[in-house]
K.L.:
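One structure follows; several queries about it will come next.
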Protein chains: 2
Amino acid sequence: MKDFIYYAPTQVVFGALSEDKTGKLVKQYGGTKVLVHYGGQSAERSGLLDKICRALEAEGIAYVKLGGVVPNPRLSKVHEGIELCRKEKVDFILAVGGGSVIDSAKAIAFGVPYEGEVWDFYMGRAHAEACLPVATVLTIPAAGSEMSNSTVITNEDGDLKKGYSNNLCRCKFAVMNPERTYTLPNYQTACGVTDIMMHTMERYFSHDDDMTVTDAIAESILRTVKDSVFEVLKEPENYVHRAQIMWAGSLAHNDLTGCGTTGDWATHQLEHELSALFDVAHGAGLAALWGSWARYVYKENVTRFAQFAVNVMGVTNDFKSPEHTALAGIEAMEDFYRAIGMPVSICELIGRQATDEEIKLMTDKCSSGGSATTGNLKVLHRDDMKNIYRMANR
Amino acid sequence: MKDFIYYAPTQVVFGALSEDKTGKLVKQYGGTKVLVHYGGQSAERSGLLDKICRALEAEGIAYVKLGGVVPNPRLSKVHEGIELCRKEKVDFILAVGGGSVIDSAKAIAFGVPYEGEVWDFYMGRAHAEACLPVATVLTIPAAGSEMSNSTVITNEDGDLKKGYSNNLCRCKFAVMNPERTYTLPNYQTACGVTDIMMHTMERYFSHDDDMTVTDAIAESILRTVKDSVFEVLKEPENYVHRAQIMWAGSLAHNDLTGCGTTGDWATHQLEHELSALFDVAHGAGLAALWGSWARYVYKENVTRFAQFAVNVMGVTNDFKSPEHTALAGIEAMEDFYRAIGMPVSICELIGRQATDEEIKLMTDKCSSGGSATTGNLKVLHRDDMKNIYRMANR
């Protein structure tokens, strides 16, 4: 068992109509001039943005708005936000949206009090000592950014997608109303569920096999989400199952499922290069790679893959061959991805095979030119990364 | 599903040697003059107290010590602590011990900045607006006070045991080293496990049946603790199983197992009168009452008791009679209590039957003279309370 630190200070306010409390919450956490940060038109169209602005006004809190955050959020938008916040003397950032909007908000929050270039944090060239308070009204359960300490930004100049982790950017509060996820298209719902499950699985596939309570919680989250997704794909306005997915999304990435284990995170790292290069949805990219990663590494801990197969995927235990059980579990997971409309190969993801050049480019970037490794269950070097991209290139 | 707020800001620092970090953690949270609050001799004898004092000195942090907290912690000790803190200008309270010490520390923390009598908070006559920062080095996994927002104090003047809940008293950090629980006597270990399980079960037995992910997490915690207790009763220095119990103890009472459900808490309320009157261990008191409470109320939600029987106690599902399954689960739970050396009746708890007078006294206090109810699964009035005490009075 690994020593661990568990720190999840975000106040979650969960339920129908919870967004009505946004104004009071901002006030409670000391915000007096707010940047309301959001994505495209859906927050405007649904009336959510207006509702939040009225809730702020009711508390006498001033605000400015900045929309236009896109999936795989861009550094240029972050720069725009930093400039606006400085000009308007913003002291609180409210992200209305999903992971992309929250991650963009966190980047702006780091950037405002920092004299240098905010991208330095993402490149590991500097460490943030200050951050404006950030909070969110969540509309897409997926990234888990509402309770996590991380932010992922794409620098268009070189298609670099990089993450930065720092407890200072953990949201002060997260307002979660499952009804706000009713209008998510099925594809986006499925991408979100894939991301939620992967956040749990990245921590689950570990060499630390003795933290039963963490394992059991992780398996509970995986099973719940796996069942609920079919309910909401059939019936998008099913409150209970939307709620299960939404809450599971936060629990999957607030470190609860990693207490006592060493995370792997190779699939995430490999995927970042896919979505940076092809601008695909992160969840879909994860589904396209996971099976290949799993087949490449499962021999490092066959028993754990067998436990996953039995406890999560409901595969019958083949006591004579744990390896057979493990492989059946990987197959069952890919069948699940197919059933919810996710790709299980690069071809299915981008509509063609990646070229040798593209695979070389992704491998180079993922390994920082060959010097960096990724993963923990099996430490992946440059050649391993290339092998996995090739396996997935069907 | 009920709307909920989840707020568990305590930073958990978990692992062997974690107490070495205490000085740095106090500094991080702004403490400059610390009250080190503890119980009896075990913290002194084990060397833990010295170790913590050295860790504080290493960071140049001044401190005063106040020991002598007893189980069912007394208001008189709280008053002594408040006086000492004011005299010494203490600005941070560090509880070294289990739930009693933490609860006493929280009461002192509320009392120091308050001009009136601190007991007012517990009697519902005032609401605390300020609280000194509190943190803990935990040595007994049981009460869950290290991550909860509550404190329970006994006023010797009238044998009144009352709780008070307020987010201000949540611990800033909780240092947890499972090795520090190696020396717990088996009886105390069993009492702790009973308390941990009851914190989960109080939230589990609810009418809100649609929060699968919360149910599954609760059942995971219950099963883990139920298995681990036998391991540590046989082998007190088993790190892994001590760790499971310790971490489960925090998860059981940091509200995670109550997200979306209405807590019941009748068994806790009924037990408070038992331990206030007979000064017995809280965990043992819970075990002595639970079976009687369960048989008295199970018809309010037979299916849930049947689910508990199957998913937690491993009882075979009797599909023709959910009621039979439910009752078999209650019996299995009582068998479990017996197996770990816990009483399942008032006789077994105090060595004799309670007198009619004593039952009347407990009923009067639990119902505040007949005007108050307790419980949610079934709302218990004065007569219900008396009936349950009588059922348990075997």
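Naming: A, B, ... by sequence-line order, numbering from 1 per chain.
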K.L.:
So for B/Thr10, is it side chain, backbone, both, or neither that comes closer than 4.5 Å to the heavy atoms of chain A?
P.N.:
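Only the backbone of B/Thr10 comes within 4.5 Å of chain A.
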K.L.:
Give, as side chain, backbone, both or neither, the part of B/Met1 having an atom under 4.5 angstrom from any heavy atom of chain A.
P.N.:
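B/Met1 touches chain A through side-chain heavy atoms alone.
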K.L.:
Give the C-alpha distance, both sets of side-chain angles, the deciding distance and a yes or no for side-chain contact (heavy atoms from CB on, under 4.5 Å) between B/Leu251 and A/Ile217.
P.N.:
CA-CA 11 Å; B/Leu251 295 178; A/Ile217 289 172; 3.8 Å; yes
K.L.:
List the steps and the verdict of side-chain contact (heavy atoms from CB on, under 4.5 Å) for B/Ile5 and A/Val12.
P.N.:
CA-CA 5 Å; B/Ile5 289 175; A/Val12 173; over 6 Å; no
K.L.:
Please report the C-alpha distance between A/Trp247 and B/Cys259 in whole Å, then the side-chain angles of each, then the deciding distance to 0.1 Å, and finally whether the side-chain contact (heavy atoms from CB on, under 4.5 Å) criterion is met.
P.N.:
CA-CA 9 Å; A/Trp247 183 220; B/Cys259 292; 3.5 Å; yes
K.L.:
For B/Lys226, look at atom NZ and say whether over 12 heavy atoms of other residues, nucleotides or ligands are found less than 6.0 Å away.
P.N.:
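More than 12 heavy atoms, drawn from other residues, nucleotides or ligands, come within 6.0 Å of this atom.
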K.L.:
Could you go through A/Thr224 and B/Thr212, starting from their C-alpha distance and side-chain angles, then the distance that decides it, and tell me whether this counts as side chain to side chain donor-acceptor pair (under 3.5 Å)?
P.N.:
CA-CA 7 Å; A/Thr224 303; B/Thr212 325; 5.7 Å; no
K.L.:
Which value, rounded to the nearest 0.5 Å, describes the distance between B/Lys2 atom NZ and A/Phe14 atom CZ?
P.N.:
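One gets 13.5 Å once the value is rounded to the nearest 0.5 Å.
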K.L.:
Where the side chain of A/Gln244 meets the backbone of B/Asp210, is there a donor-acceptor pair that is under 3.5 Å apart?
P.N.:
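Yes; at least one donor-acceptor contact below 3.5 Å.
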K.L.:
Please determine, among A/Phe173, A/Tyr7, A/Tyr6, the option with the most heavy-atom pairs under 4.5 Å with chain B.
P.N.:
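Highest number of heavy-atom pairs under 4.5 Å: A/Tyr6.
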K.L.:
Would you say that more than 12 heavy atoms from the other residues, nucleotides or ligands in this model lie under 6.0 Å from the NZ of A/Lys24, or not?
P.N.:
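For A/Lys24, atom NZ is not crowded (no more than 12 foreign heavy atoms under 6.0 Å).
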K.L.:
I'd like to know whether A/Asp3 forms a side-chain contact (heavy atoms from CB on, under 4.5 Å) with B/Val13, so could you lay out the CA-CA distance, the side-chain angles of the two residues, the decisive distance to 0.1 Å, and finally the verdict.
P.N.:
CA-CA 8 Å; A/Asp3 293 352; B/Val13 180; over 6 Å; no
K.L.:
Please classify the contact between A/Leu17 and chain B as side chain, backbone, both or neither, with a heavy-atom cut-off of under 4.5 Å.
P.N.:
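When you check distances to chain B, no heavy atom of A/Leu17 falls under 4.5 Å.
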K.L.:
Where does B/Tyr239 contact chain A at under 4.5 Å (heavy atoms): side chain, backbone, both or neither?
P.N.:
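For B/Tyr239, the side chain is the part near chain A, not the backbone.
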